[in-house]
Enquirer: 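Please find one structure pasted underneath; my questions will follow.
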Amino acid sequence: METSRAWAEVDLDALTANLERLRRRIDSSVALLLVAKADAYGHGAVAVAHHALGTFAEAIGVTNCAEAMELRQAGIRARLVVLGPTFVEEAPPAIRSGVELCVPSIELGQHLGRLAEQLGKPARVHVKVDSGMGRLGVPPERALSLLETVQRSPFLELAGVMTHLAATEGAENAQAHEQMATFERILRAARGRGLLAGREVWIHAANSAGVLSGLNPRYDAVRVGIAAYGIAPDPRLATEDLHPVLSVRTRIVHLRDLRAGQSVGYGGTWVAPRPTRLAILPVGYDDGVAWRLSGRGSVLIRGKRSPIVGRVSMDYTTVDVTNLPALSLGETATLVGADGAERIRVEEIAKLAGTIPYEILCQIGKRVKRTYVGGPVRTPRSPARETVPG
Ligand SMILES: *Cc1c(COP(=O)(O)O)cnc(C)c1O
């Protein structure tokens, strides 16, 4: 029996199944880069990356050098790509350990070239082109100069050329087509000048939305995050193909009977309309229960939905269990995931809380222990085995 106050159960077999389904949507020549930034969207980057690389993924993408180094230090030797800009002072360990860095400007390219020279080891870089996202990346009119800067520098090795889509529904959106046309124009011009030569240069553009919406071309790699975790990036791309990987569970820490007319929690926002039995759960917004679920969300106890009443606080959530048979302390409550035939999906919570599924995943707090189920028997180096429940 689980003895934690709250735990996130990561189903590695569901991850495998999602990666396999995504793999089937792309050519076998296209590499699958699993995006494992933000601790693999709250799933635990080390265990997820190890597992993905052992099944259907060829490379891992992260946001910063610290995330990349965490994976290198955990023994991951596959291609690791930092997907956004780096502060120069963060880069030395990453360059030394062959982590591939993103170069979104000529200035950063020059800085990294000089740094790599000092370190005596070339930096492998992905040139990031802003084809319309308007955030990171070199503007189209300067993309060729940046590629020339990389080519001229003896201490920069071109590892990739990338762009990122703004449209959350991918290929269904006209802006995605404009972005791809801009990117394509740059690639053609760059090829014409011999700027894309090199054996391991990956051209990549598609994220989950790109893959699920059939965005073409796929080029050499796709960067898949949320879909691998079993969640559609946009309701318009929902598909039966994806299995939720993460469940979040907790245990009833206290039971309380209220008289009709008694209020619950901060602000007294909910008043018991009848004699009410409450189950108090030891999780609140610090643990990732969105405050916006106050008075609207529900949790699963004994396979049934019980409504959240009153405000979610930092440490506690109160649910009305009047309609359930007598419950005991320590019984499991499911905040995300399945219990019997019922399931609460991250998408549902995001909608209720007025946010996107990505944010719900990333908010799962430090007090929630990550546990792993399924997957192959792991080598002692992997942390997965140590945290398998039971
Ligand atoms: C986060 C990210 C991705 C993955 O996005 P999903 O929508 O989760 O698939 C891909 N590329 C870049 C550059 C990213 O930052």
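In listed order, ligands and their atoms are each counted from 1. The analysis underlying the following values was restricted to heavy atoms, covering all of them including side chains, and did not include hydrogens, waters or symmetry mates.
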Enquirer: Could Arg367 and Asp315 be called an ion pair, given the rule that one side-chain N must be under 4.0 Å from one carboxylate O?
Expert: yes
Enquirer: Before accepting this row, confirm whether a basic side-chain N of the pair Glu347/Lys351 lies closer than 4.0 Å to the acidic partner's carboxylate O.
Expert: no
Enquirer: In the protein, which heavy atom is nearest to atom 5 (O) of ligand 1, and how far is it?
Expert: Tyr41 OH, 3.6 Å
Enquirer: Is there a chain of hydrophobic side chains (I, L, V, M, F, W, Y, each step under 4.5 Å between heavy atoms) that links Trp7 to Ile301?
Expert: no
Enquirer: Using a strict 4.0 Å threshold on nitrogen-to-oxygen distance, state whether Arg343 and Glu348 make a salt bridge.
Expert: no
Enquirer: Using a 4.5 Å cut-off on heavy atoms from C-beta on, say whether the side chain of Val161 contacts that of Tyr219.
Expert: no
Enquirer: Show me which atoms of ligand 1 lie under 4.0 Å from any heavy atom of Asn207.
Expert: 5 (O), 9 (O), 10 (C)
Enquirer: Any idea which protein heavy atom is nearest atom 9 (O) of ligand 1, and the distance to it?
Expert: Ser208 OG, 2.5 Å
Enquirer: How does Ile226 reach ligand 1, by side chain, by backbone, by both or by neither, if only non-hydrogen atoms under 4.0 Å count?
Expert: both
Enquirer: What do you reckon, does Gly225 have a nitrogen or oxygen under 3.5 Å from a nitrogen or oxygen of ligand 1?
Expert: yes
Enquirer: Which atoms from ligand 1 have a heavy atom of Tyr358 less than 4.0 Å away?
Expert: 6 (P), 7 (O), 8 (O)
Enquirer: Among protein heavy atoms, which lies nearest atom 11 (N) of ligand 1, and at what distance?
Expert: Arg223 NE, 2.8 Å
Enquirer: Could you tell me, atom by atom, which parts of ligand 1 come under 4.0 Å of a heavy atom of Lys37?
Expert: 1 (C), 2 (C), 3 (C), 14 (C), 15 (O)
Enquirer: If we set the cut-off at 4.0 Å for heavy atoms, which region of His164 has an atom near ligand 1: side chain, backbone, both, or neither?
Expert: side chain
Enquirer: Hey, are Asp287 and Arg5 close enough for a salt bridge, meaning a charged N less than 4.0 Å from a carboxylate O?
Expert: no
Enquirer: Is it true that Arg274 and Thr322 share a donor-acceptor pair across their side chains at a distance under 3.5 Å?
Expert: yes
